[in-house]
Amino acid sequence: MTVDLHLHSKASDGTESPAQVVRRASRLGVTTIALTDHDTLAGIAEAKAAAAPLPIDLIPGTELSVDWPTGKMHLLVYFLEPIAGPLQDRLAWLREGRNRRNAAIVNRLQQLGYDVTLGEAEAQAEGPSVGRPHIADALVTKGYFDARSEAFHDLLADGGAAYIERVRLSAEEAISLARDSGAVPVIAHPYTIGLGRAEYRAAFRELTSLGLGGIEAYYPEHTPALRSHLASIADQLGIVATGGSDYHGTGKPGLEIGTGRGDLIVPDHVVTALAASRFT
Ligand code: AMP
Ligand code: ZN
Ligand code: FE
Ligand code: FE
C-alpha cells in the first residue's frame, strides 16, 4: 500500500486535471490519495469519479495559507466534502482575496514594465483558484522567463518586487472551521513555518489543544532526521504524522506522486488514524 496525502491539480496550480492526477497515482501503485488544491474543492467531484473504477481511495481536501508570525504556515484539511459547510463557505472569500491580490500583482508588474494582463494570468488557470503560479505561467508564455520558478525567483516570491499580501485565516480560525466542518486539519510541511527543531513541540501542543489533528512529517524537503523528529512529536501529542509529495505536475519539477524525490514513504496506517481523528 502506498499513500500520498498532498496533491495539486488544475483546480488550483497543478498542471494535470484531477482525473489525470488520480489515474497517474493509481498507475504508480498508490492506493490512497488526498487531493489538496489551494482554497478550493472544485476538483473533488472529478477526482472521485476517476477514482471510483480504480483500486484507489480518494480523500477530499484542500490546502490553506494561514497567518503565522514567524513564517509560512499552510494547513492541509482532510475529509472536507465539497458541500456547504463552515469552512467550505469561507473558501469563496479566500478566492475573492486571491482575485483582488492577483489584480494588484499584475498592476505592479505593469509598473515594472512587464506587458501582462490579469486576463492573461487567469487564462493560464483552468480552475477557480488563481494565484501567483498562473501569473508566473503568463510571464513564461510572454517570453520573459523559461520556467515558473524563475518568475518566482525574480519577482513573485514572498518579499519579491511584485509580491503582494493576500487575506488569510488565522491558524486558530482555520483549525476550528475545519473541525466544525467535520474535517481534520494538519500542519503542512512544517519546515516553512520559521521555527527551529526545539520550538515545534510547544507550538504544535498549543495548536493541538485547538483541534489540530496532525503534522505533515513525511515531506520531500524534510531530511530523514526532521521526518522522524516531527513524527515523534505527533506521537507525543497524540495526533497523526501524515505525509505527501506536494505533486504539482510540471509546475514543481522533480516530484513524483507517492515517492516525492524518490525517498518518500508515507506509512499506510496514517490513513486509518486520520479517519479516526474526525471523531475525536
Ligand atoms: P499563491 O497561492 O498564489 O500565494 O502561490 C503560492 C504557490 O505558488 C505555492 O503553493 C506553490 O504552489 C507555488 N510556488 C511557490 N514558490 C514557488 C517557486 N519558487 N516556484 C514555483 N512555484 C512556486
Ligand atoms: Zn500549489
Ligand atoms: Fe504548501
Ligand atoms: Fe501544496
Side-chain angles (χ1 to χ4, degrees), residues 3-18 20-21 25 33-44 47 59-68 70-78 80 91 94-95 97-98 101-102 105 121 124-138 140 147-149 151-153 156-158 163 166 168-169 171 174-175 178 184-195 212 214-222 226 230 242-261 264 266:
V3 171
D4 190 332
L5 302 180
H6 191 159
L7 302 171
H8 296 271
S9 76
K10 280 185 175 175
S12 63
D13 59 353
T15 57
E16 293 167 15
S17 71
Q20 284 173 317
V21 170
I33 57 172
L35 185 67
T36 55
D37 277 305
H38 305 280
D39 299 336
T40 184
L41 298 165
I44 301 299
I59 296 172
T62 187
E63 182 178 18
L64 309 173
S65 300
V66 299
D67 270 327
W68 186 252
T70 54
K72 275 204 311 187
M73 183 183 283
H74 292 179
L75 201 69
L76 292 159
V77 182
Y78 295 115
L80 188 68
L91 297 179
L94 290 170
R95 291 193 301 268
R98 281 183 170 280
R101 179 235 218 166
N102 292 336
I105 291 177
Q124 297 290 330
E126 289 187 24
S129 182
V130 185
R132 285 180 287 166
H134 305 105
I135 299 173
D137 290 348
V140 170
R148 192 184 262 191
S149 58
F152 267 89
H153 178 267
L156 295 167
D158 296 26
Y163 179 72
R166 67 181 169 93
R168 298 192 201 97
L169 297 169
I175 286 170
V184 182
V186 170
I187 301 286
H189 44 69
Y191 84 106
T192 65
I193 69 177
L195 296 182
L212 185 68
I215 302 170
E216 188 179 48
Y218 310 104
Y219 188 79
E221 311 307 326
H222 292 167
L226 183 57
L230 292 168
T242 71
S245 63
D246 212 357
Y247 181 75
H248 281 72
T250 58
K252 229 176 156 189
L255 294 170
E256 186 53 276
I257 299 175
T259 49
R261 294 188 203 285
L264 186 74
V266 184

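Start at 1 with the first residue, then count along the sequence. Remember, predicted model here, so these are calculated numbers, not experimental data. Counting convention: from 1, in listed order, for ligands and their atoms alike.
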Q: Identify, by name, the N, O or S atom of D246 lying closest to the Fe ion (ligand 4).
A: OD1
Q | More than 12 heavy atoms of other groups within 6.0 Å of E126 CD | A | no
(Q) Applying ring-ring contact (aromatic ring centres under 6.0 Å, His included) to H222 and H189, what does each step give before you reach the verdict? (A) CA-CA 8 Å; H222 292 167; H189 44 69; 7.8 Å; no
Q.
Under 2.8 Å from the Zn ion (ligand 2) - does any N, O or S atom of H8 fall there?
A.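 Here the distance criterion (N, O or S atom, under 2.8 Å) is not met by H8, so no.
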Q. Do any N/O/S atoms of D13 come under 2.8 Å of the Zn ion (ligand 2)?
A.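 Short answer: yes, at least one N, O or S atom is under the cut-off.
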Q: To the nearest 10 degrees, could you say what angle the Fe ion (ligand 4) makes with NE2 of H8 and NE2 of H6?
A: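 Computed angle, vertex at the Fe ion (ligand 4), rounded to 10 degrees: 100°.
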Q) Mind checking whether the Fe ion (ligand 3) has an N, O or S of E63 under 2.8 Å? A) yes
Q.
If I take every N, O or S atom of H38, is at least one of them less than 2.8 Å from the Fe ion (ligand 3)?
A.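 No - counting backbone and side chain alike, H38 has no N, O or S atom under 2.8 Å.
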**Q.** H134 (side chain) donor-acceptor with S12 (main chain) under 3.5 angstrom
**A.**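 Yes.
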Q: Would you check if the side chain of T36 reaches a backbone N or O of L7 as a donor-acceptor pair within less than 3.5 Å?
A: yes
Q) Looking at the Fe ion (ligand 3), which N/O/S atom of H74 is the nearest one? A)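 So the atom name we want here is ND1.
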Q.
Salt bridge or not between R261 and E221? Use side-chain N to carboxylate O under 4.0 Å.
A.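 Salt bridge: yes.
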**Q.** Step-by-step side-chain hydrogen bond (donor to acceptor under 3.5 Å, both in side chains) determination, D4 to Y247
**A.** CA-CA 9 Å; D4 190 332; Y247 181 75; over 6 Å; no
Q: With the Zn ion (ligand 2) as the reference point, give the N/O/S atom of H248 that is nearest.
A: NE2
